[in-house]
Amino acid sequence: MKDTYLVTAMRDGLAEAMREDPAVVVFGEDADRSVMGSTRGLIDEFGPDRVRNIPLSEATVVGCGVGAAAAGLRPVIDLMVSSFFYMTMDQLANQAAKLRYMSGGQVRLPIVYFAATGGAGSAAAQHSESPHPTFIQQAGLKVVMPSTPADAKGLMLASVRDPNPVVYLQEASLGGTRGPVPNGPFEVPLGRATIRRDGSDVTVVAVGRTVRVALAVAEELDGDGVSVEVIDPRSLYPWDADTVLESVARTGRLVVLDTARQSCGFAAEVIARVCTEAFSSLRSPPARVTTPDVPMPFAPHLERHLAVDGHKAKAAVLRCLQ
Amino acid sequence: MKDTYLVTAMRDGLAEAMREDPAVVVFGEDADRSVMGSTRGLIDEFGPDRVRNIPLSEATVVGCGVGAAAAGLRPVIDLMVSSFFYMTMDQLANQAAKLRYMSGGQVRLPIVYFAATGGAGSAAAQHSESPHPTFIQQAGLKVVMPSTPADAKGLMLASVRDPNPVVYLQEASLGGTRGPVPNGPFEVPLGRATIRRDGSDVTVVAVGRTVRVALAVAEELDGDGVSVEVIDPRSLYPWDADTVLESVARTGRLVVLDTARQSCGFAAEVIARVCTEAFSSLRSPPARVTTPDVPMPFAPHLERHLAVDGHKAKAAVLRCLQ
Amino acid sequence: MAARDAGADAGLDLVEALRIMIRIRVFEDMCRRLFARGRLPGFVHLYIGQEAVATGACMALRTTDQITSNHRGHGHVIAKGGDPARMFAELLGKADGYCGGKGGSMHIVDFPSGMLGTNGIVGGGIPIAAGAAVANQYLANAKVALSFFGDGAANQGVFFESLNLAALWRLPVVFLAENNQYTEWTRTGDLTAGEIVDRAAPFGIPARTVDGNNVEDVFREVRQAAEWARSGQGPSLIECVTYRWHGHNEGEEAFAGHYRPAEEIEAWKARDPIAALESRLLEEGTLDRTRLEALRGQEQDLIDESYQSALAAPVAPVEDALTGVFAQSAGRR
Amino acid sequence: MAARDAGADAGLDLVEALRIMIRIRVFEDMCRRLFARGRLPGFVHLYIGQEAVATGACMALRTTDQITSNHRGHGHVIAKGGDPARMFAELLGKADGYCGGKGGSMHIVDFPSGMLGTNGIVGGGIPIAAGAAVANQYLANAKVALSFFGDGAANQGVFFESLNLAALWRLPVVFLAENNQYTEWTRTGDLTAGEIVDRAAPFGIPARTVDGNNVEDVFREVRQAAEWARSGQGPSLIECVTYRWHGHNEGEEAFAGHYRPAEEIEAWKARDPIAALESRLLEEGTLDRTRLEALRGQEQDLIDESYQSALAAPVAPVEDALTGVFAQSAGRR
Ligand SMILES: Cc1ncc(C[n+]2csc(CCOP(=O)(O)OP(=O)(O)O)c2C)c(N)n1
Ligand SMILES: Cc1ncc(C[n+]2csc(CCOP(=O)(O)OP(=O)(O)O)c2C)c(N)n1
Ligand SMILES: [Mg+2]
Ligand SMILES: [Mg+2]
């Protein structure tokens, strides 16, 4: 166990993967010095052949990942900021997500595409996207978003070991948060949620940075005798619906917190899934607290106004309990 | 009134827009001869200056739309097949969808981006996307999908007249269907749904080609004394939730048919909206019938197996009625 | 295609080249007839007229080398060693098609012969080939990757981005542009400023234009480029000037109208790469009429039998449509 | 900026040029200090060292001409006629900032002065400028569009796609590459094969390299390119070689380490475009020390007052965050 920053833990998970398999090669803009810190120092241990700086040609680099994986590498591609994924959507959605299926299973594409995601503090509209629903929609990409340093490391190792394309999204606003992280290699299995806090009155499913929001609300309401269960899906595709359904069966209430914009977001999917499959177990209307349907504004007070915060989350939980 | 093919009606709507405003200029691959038919013949009336063939540089052309609109044109850009939108996602999502908001409202961007969408009969995975949820997620793009020739014409004129970027999706499989279309210019207002069939037992919200599926099921169940209301949203963003909520308040039951893949699709949004805002009016679990979470296979029998069809739709409706 | 491999480091076996070109022609002609009779689902883009490009290029490569291709890819698949029976099976959506019927014409993958995929996205295969080259270079496996793409694809940003990356990293990759002078229904010149071959110069990448209807010229250039890449010298661009005899896709006539002058089409048909090679081999005496007829007959039989076997083959169970998105077995290769 | 317009078809007013360059320098220096004191939210990319490029280029344009810019855009906004007070207000997230606080440094738009936007996406502004040129050409309004972008952006596919389209349609657009020799923390040469200026040739687009630290050279080239475009001759590419004195973004020191040799930075500081112009104007006698000091003082005062007024200004009500995505009024412009 070591107390570690989330972004460092993510880097450590990548280092473990590189140690165990020389086919793991990292590509990114300034991957050597690493603007975000997620690849910092790797070049010292693994050298410039395995840690490569790339030109600003994101679409091509994402496509190179497909070709390199088909030809025997396990490419890990740092796209820096999740907004930049949009430059690469053709290679990501039309090629990486579909090639295995289209080929009738002839190719395996062990690729990890990662980036910092979400509002990071006045980074404004082109650096504050939470585009995970768009990746989930592709159906051919696994999508993960850790909320703790330990998960950041374990999910990274699991993602690199997975034989499929994985989009690994690191909450920009959590990069500098610390937490205990086991030493050495370990996996946090893809597709498995974790219950961050047990509760019996209401189930709160929280994504990424909103997990901390949910836990704070749970703590606060605990004083008022309200028992809140907090579930962190960690993997957003495929996601662990069973754990959520089982929880809602016990609590009868559901609130979903998501950093993505509301329409067709992950919160919509969780609510739709629960309502179509466990309608009878719901004792009150489900609720969602998400980023509203607007681009992220620059001004701190405007950005704050849009954030999924404790105030909004608590209000949603209390509404469910009425 | 004239009996017209859907794709021709769409073309006629565009022609009306070009007649009323010389600032409307059309850009597309083979726009002069028009592979899909949606711009066929326009060059004869409006000339090569207003109907332009473009190189295979979709990302740049979509960005040109933003610059041209900001500088005084009303560009209409034909991207041919909705899968190709992925090539343009940066210019579409980071620029077109956000520039007005980011600029504090200084610019208006009257742009229409259109393409044929959805499975078209063994066009396979890279020509059969139904990506509307990805556009809806952007929050800065209006999204429409007509299901009748009359709506195809009226929505096109409304889209070109709208001062914002509109993604106009024409169901490839409906292009050759006929229906009565009023002569001359008329608008089908954006954001307004229409009730295709009145009913009292269950509300079926159906998107694009699934509207016909819903109507057929409604007809069939009518015989068994089941009264099905069929709502065609026509606009998917912003969409007319009021009409749906009002209907569900009457019927107490909801089934959503969507051509997009299930996870984070439009069906998820409709169900989440109704369950969070009108939970008490639901007398049975809502249901969705969508394309499963896989790329579209080539073989006709495999593709058919994934389609939203009458069999699946009827089963979903009957489940709601139990 | 051991034959080709044996010859891989020697010159071009012209009779084998003729055989492959004829095989492609006959395969495509069968597709034409099947499509006309409504027997082929989906889009069909024929390679007829361009056979010398795929044949010359793939015969200059090793079976272990990789290629990526585009929507007009049947010729590339065959030339790289593809089995016509499994191709027909794919086009018919059968279980033992290359992709089990999931891919179809625009997504044929034949991994064992280094065929990484035809592609429905114009330009989509270019970065994929560059990526394969990144792997080859890193693994030092002496493999070369080649990307076939059309003149239309040469206007996609990824083409230039790939040239830049390939030049920077000296990737063992060959960019092969098939300039058939039309992008769908529009003249290449109306969409493409300057010459495609000149687009490599700014990156310091060697480039050549060759007669795409001359299989020997194509072979020579690609062999040179492949060995240049194999020896660590880096990428090359080759523009093959050729012509497609048929429409952009089968069945276009109803809508396309006459976008190509009849004389132009005739002039190019008069430059048929197959007829040219045949008469040359006959003149040289390398072949006589009997052997030529025999060869033609063999290829015709191969295609006919391939089609019959594909036709007789079963389709995949419908449940297959729902599986195969993700590889299951976790962990290392 | 009427002054500039008056001179729009004459030569360069060097004193006015010096004024603008100093204004940019002082504005950016204020940003530096504010950021260091934690007063500026978000990312800040300073233009210090590159002032001659924006100034020479924008003074060669008319107010009605359009520009698009990038993440390092403060200099472009000021040179095109932007109001420092509204810029500071934007950087501070105030209501009367150019974008009401919704855009910030990377999204400043000043529509009336033809400033179509700084941009957070590297390369994002290039097609937008080409599109503005499409409109200008169609509307025959004699306007020219110019896109400022960095060496890093020259590796984005849209750059090449835009060159091709601009050449095909003879668009009235000027592509202006500011090569400050680094893409974030990496040397341009490690990411960019060949010379950026050579990338226009394949499309038949005229291109020139100029000393980006010499405001007159930049002015002359851009004026020529703009008139070339205005007279219907089409696009041009200009590569301005320059250097940024500061980090890629403020506050990078903590992580970036020393990626640029100290001598290199010093050598470029010795080539300060402002100092060079000052001493020249003093030598020529166009300016004397008193007038120079006065001019400096005026710009310092302008910036100080601009900042103070911005600081005092109110922020937008939080509800504004939820509005303004779509234009409401339907129909025609
Ligand atoms: C990104 C993308 N845009 C458009 C299309 C539609 N399309 C299919 S083939 C084609 C023309 C390609 O021309 P070229 O590259 O010259 O190849 P050719 O058909 O001439 O062999 C077009 C526009 C596509 N498949 N992908
Ligand atoms: C598409 C995209 N990729 C990456 C980034 C991150 N980024 C911001 S500025 C920059 C470097 C740009 O270099 P250059 O174009 O030379 O401009 P300079 O900073 O040198 O002025 C990068 C990589 C981005 N903003 N957009
Ligand atoms: Mg072509
Ligand atoms: Mg630079």
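Note that the structure is predicted; figures quoted are calculated from it, not measured. Throughout, a chain's letter reflects where its sequence line sits, starting with A, and its residues are numbered from 1.
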Residue pair D/Thr183, A/Leu56: steps toward the side-chain contact (heavy atoms from CB on, under 4.5 Å) verdict: CA-CA 9 Å; D/Thr183 299; A/Leu56 272 69; 3.3 Å; yes

Distance, nearest 0.5 Å, that separates CD of D/Glu90 from CZ of A/Phe298: 7.0 Å

Other residues, nucleotides, ligands: >12 heavy atoms within 6.0 Å of D/Glu250 CD: yes

Within the 6.0 Å centroid threshold, strictly below: D/Phe43 and A/His127: yes

Contacting moiety of D/Val318, where chain A heavy atoms sit under 4.5 Å: both

Close side-chain approach of A/Phe84 to D/Ile121, heavy-atom, < 4.5 Å: yes

Any donor-acceptor pair under 3.5 Å from A/His305 side chain to D/Leu322 backbone: no

Top contributor to chain A contacts, counting heavy-atom pairs under 4.5 Å, from D/Thr323, D/Asp320, D/Thr192, D/Val315: D/Val315

Part of A/Val35 lying under 4.5 Å from any heavy atom of chain D: both

CZ/A/Arg40: more than 12 non-hydrogen atoms of other groups inside 6.0 Å: yes

Nearest non-hydrogen partners of A/Ser57 and D/Asn155, listed with the distance: OG-O, 2.7 Å

Under 4.5 Å from any heavy atom of chain D - which part of A/Glu58: both

D/Leu191 side chain reached by A/Ile54 side chain, heavy atoms, under 4.5 Å: no

Heavy-atom check, side chain of A/Pro295 versus side chain of D/Val325, under 4.5 Å: yes

Best-contacting candidate, D/Gly101, D/Ala316, D/Ala153, D/Gly123, against chain A by heavy atom pairs under 4.5 angstrom: D/Gly101

A/Arg33 side chain reached by D/Phe255 side chain, heavy atoms, under 4.5 Å: no

Atom group of A/Ser34 that falls short of 4.5 Å from chain D, counting heavy atoms: backbone

Toward chain D, the part of A/Ala59 with a non-hydrogen atom under 4.5 Å: neither

Pairs of heavy atoms under 4.5 Å with chain A: top-ranked of D/Cys99, D/Gly100, D/Gly120: D/Gly120

Heavy-atom side-chain proximity of D/Glu184 to A/Met80 below 4.5 angstrom: yes

Neighbour count above 12 (heavy atom, 6.0 Å) for D/Tyr243 OH: yes

A/Gln126 side chain vs D/Asn119 backbone, donor-acceptor pair below 3.5 Å: no

Spacing of A/His301 atom NE2 and D/Lys94 atom NZ [to the nearest 0.5 Å]: 9.5 Å

Minimum heavy-atom distance between D/His107 and A/Ala124, given as atom pair plus value: CD2-CB, 3.6 Å

Euclidean distance, A/Asp30 CG relative to D/Glu252 CD, rounded to 0.5 Å: 9.5 Å

Side chain, backbone, both or neither of A/Arg304 within contact of chain D (heavy atoms, under 4.5 Å): neither

